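Contents: one structure, followed by commentary.
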Amino acid sequence: MMQWHVLAAHVGVLVLCFGGGAAVTEVSSGEELQSALRAASTHIVLVGNISIPSNWATRGEEINVDLIIESSTTRCGGACTVTGRRGMSASPSPPFVYISGNAAVELRNIIVHRSGDSVATAAISGGAINVVHGSLRAINCTFSENSGYSGGAVHVANIGLATFEGCTFVRNDAGQQAGTGQGGAIAFIGGTMSAGRPTSFIRDCIFDANTGFPGGAVYVEMATVHVSGSRFTNADARDGAVLSVDRGGVALMVSSYVFTAEETKRGREIFTWDVSSMVAISPWTLETQAQIGGMGTSLNYT
């Protein structure tokens, strides 16, 4: 029979351990979460909704070790909320976290709300999360009303990877002025034109009412992103498209997509900005073909 053992209980943080396994740190406040992150915990469980404290690190608390953050299955209806400081003061609101040191981070059943700031500088891209060097896997998470210079909710940098499974992105925006930055929800900005570069994934996700330019919902540059079973609605792409691909970016899109952009001034929901960019779609229909524009390559992906 699996048993819990109390390892430590200090500063309000409860550290537990399975009978023969890794320590689990339970947190119920922003201060406790900050303490657990700075202590390089490897498994954090949220047991209550959390508000980011005023002394949160300017570019988000750093994660440089492999880490799981998840909501308790018996609290917060199974999905606890981490609420940022956006709009709470005249100072820019920091992102939630940034990932470095080749860390592998997994988020499960968490809502990240109102993190980051539309007046953020390029140094703090990713309103909720900035994957600088490492990997992110988000499962059944919601990112709402976050704002970053590039990537309203998440920015994936040149030596970062990300996988999103069953996630929802709603009302995120990118840019120093809302909606003027790359990727209203997610910006994938790689560092190589190589065809052998790793692939990020978006699986069974919902994007609604995100704002950015270029890429009202998603922007891909010098990166490869495989999108499947996801839905894009009501994006405000300003002068771009719901999904924008640039500078050797590759977007492979498989199965049902519904694009209902409220504002796509270029007349296309998917836009390739230069000849080195590519979008591949399956199934290929007249409807999806009509959604693609730009100078890059578009083809039937089988």
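Heavy atoms only: backbone and side chains are in, while hydrogens, waters and symmetry mates are out. Keep in mind that this is a model prediction, so the values were computed, not measured.
Exactly one residue among R137, R75, R108 makes a salt bridge (Lys or Arg N to Asp or Glu O under 4.0 Å) with E70. That residue is R108. None of I99, L107, L37, V97 except one satisfies the side-chain contact (heavy atoms from CB on, under 4.5 Å) rule with L67; the exception is L37. Residue F207 forms a side-chain contact (heavy atoms from CB on, under 4.5 Å) with just one option from V170, T168, I186, and that option is I186. Under the side-chain hydrogen bond (donor to acceptor under 3.5 Å, both in side chains) test applied with Y98, the options E62, H155, H133 reduce to a single match, E62.
E221 contributes atom CD, which lies 8.5 Å from atom OG of S277 (distance to the nearest 0.5 angstrom). To the nearest 0.5 Å, atoms OG (S135) and CG (N102) are separated by 7.0 Å. A distance of 10.5 Å separates CD1 in I63 from OG in S41, rounded to the nearest 0.5 Å. Distance CD/Q182 to CZ/F213: 9.0 Å, rounded to 0.5 Å. For the atom pair CD of E31 and OG of S54, the computed distance is 8.0 Å after rounding to the nearest 0.5 Å. A distance of 9.0 Å separates CZ of R114 from OG of S144, quoted to the nearest 0.5 Å.
For S255 (side chain) and S228 (main-chain N/O), no donor-acceptor pair under 3.5 Å exists by modelled atom type. Remark: the backbone N or O of N109 is paired with a side-chain donor or acceptor of S71 at under 3.5 angstrom. Looking only at distances, a side-chain donor or acceptor of S93 sits under 3.5 Å from a matching main-chain atom of R86. Using a distance-only test at 3.5 Å, with no hydrogens or angles considered, a donor-acceptor pair links the side chain of T272 to the main chain of G296. Put simply, the side chain of S115 gets close to the backbone of G127: a donor and an acceptor are under 3.5 Å apart. S29 places a side-chain N or O within donor-acceptor distance of the main-chain N or O of E32, the cut-off being under 3.5 Å. With hydrogens and angles disregarded, a donor-acceptor distance shorter than 3.5 Å links the side chain of N146 to the backbone of V112. Listed for the N172 side chain is no donor-acceptor partner under 3.5 Å among the backbone atoms of A185.
Counting heavy atoms from C-beta outward, D66 and V105 have side chains that stay 4.5 Å or more apart. At least one side-chain heavy atom of W56 sits under 4.5 Å from a side-chain heavy atom of L33. Taking the side chain as every heavy atom from C-beta outward, I139 and E106 approach each other to under 4.5 Å. Taking the side chain as every heavy atom from C-beta outward, T163 and L161 never approach each other to under 4.5 Å. Within the 4.5 Å cutoff, the side chain of V82 has heavy atoms near those of the I110 side chain. For the pair M253/V279, a side-chain contact is recorded, criterion being any heavy-atom separation below 4.5 Å from C-beta on. Proximity of R247 to D274: side-chain heavy atoms (C-beta onward) are separated by under 4.5 Å at one or more points. Contact of the T83 side chain with the I52 side chain is not registered, since no non-hydrogen atoms from C-beta on lie closer than 4.5 Å.
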- Message: side chain to side chain donor-acceptor pair (under 3.5 Å) for S147 and D173? Distances and angles first, verdict last.
- Response: CA-CA 5 Å; S147 182; D173 64 75; 2.7 Å; yes

- Query: Stepwise, does the side chain to side chain contact (heavy atoms under 4.5 Å, CB included) test hold for V254 with V227?
  - Reply: CA-CA 6 Å; V254 183; V227 186; over 6 Å; no

- Message: Between V27 and V47, does the side chain to side chain contact (heavy atoms under 4.5 Å, CB included) criterion hold? Intermediate values first, please.
- Response: CA-CA 6 Å; V27 301; V47 295; 6.0 Å; no

- Message: Would R171 and D208 count as a side chain to side chain contact (heavy atoms under 4.5 Å, CB included) here? Give the steps.
- Response: CA-CA 7 Å; R171 295 187 301 278; D208 184 61; 5.5 Å; no

- Item | Candidate pair L243 and F271, rule side chain to side chain contact (heavy atoms under 4.5 Å, CB included), full reasoning | CA-CA 6 Å; L243 185 146; F271 198 83; over 6 Å; no

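Scanning both residues, S244 and P214, for their nearest heavy atoms gives OG-CB, 3.6 Å. Counting all heavy atoms, side chain and backbone alike, G248 lies closest to S276 at N-OG, 2.8 Å. When every heavy atom of A138 is checked against every heavy atom of C167, the shortest pair comes out as O-SG, 3.3 Å. Across all non-hydrogen atoms, the minimal contact from A174 to G151 is CB-N, 4.0 Å. The heavy-atom pair separating P94 from G60 by the smallest distance is CB-N, 4.4 Å. When all heavy atoms of G190 and A223 are compared, the closest pair comes out as N-CB, 4.0 Å.
In terms of the ring-ring contact (aromatic ring centres under 6.0 Å, His included) criterion, residue partners of H226 (sequence neighbours excluded) are, by chain and number, F201. In this view, F188 satisfies the ring-ring contact (aromatic ring centres under 6.0 Å, His included) rule with no residue, not counting sequence neighbours.
Between F169 and F164, the angle of the ring planes goes over 60°, which puts this pair in the perpendicular group of the 30/60° scheme.
Under the 4.5 Å side-chain heavy-atom criterion for Ile, Leu, Val, Met, Phe, Trp and Tyr, I206 and V218 are members of distinct hydrophobic clusters. Clustering ILVMFWY residues whenever any of their side-chain heavy atoms sit less than 4.5 angstrom apart, transitively, puts F96 in a cluster other than the one holding V132. Hydrophobic clustering places V225 together with V154 (ILVMFWY residues linked when any side-chain heavy atoms are closer than 4.5 Å, directly or through intermediates).
Looking only at atom types and distance, the side chain of S125 has no donor-acceptor partner in the side chain of N130 under 3.5 Å away.
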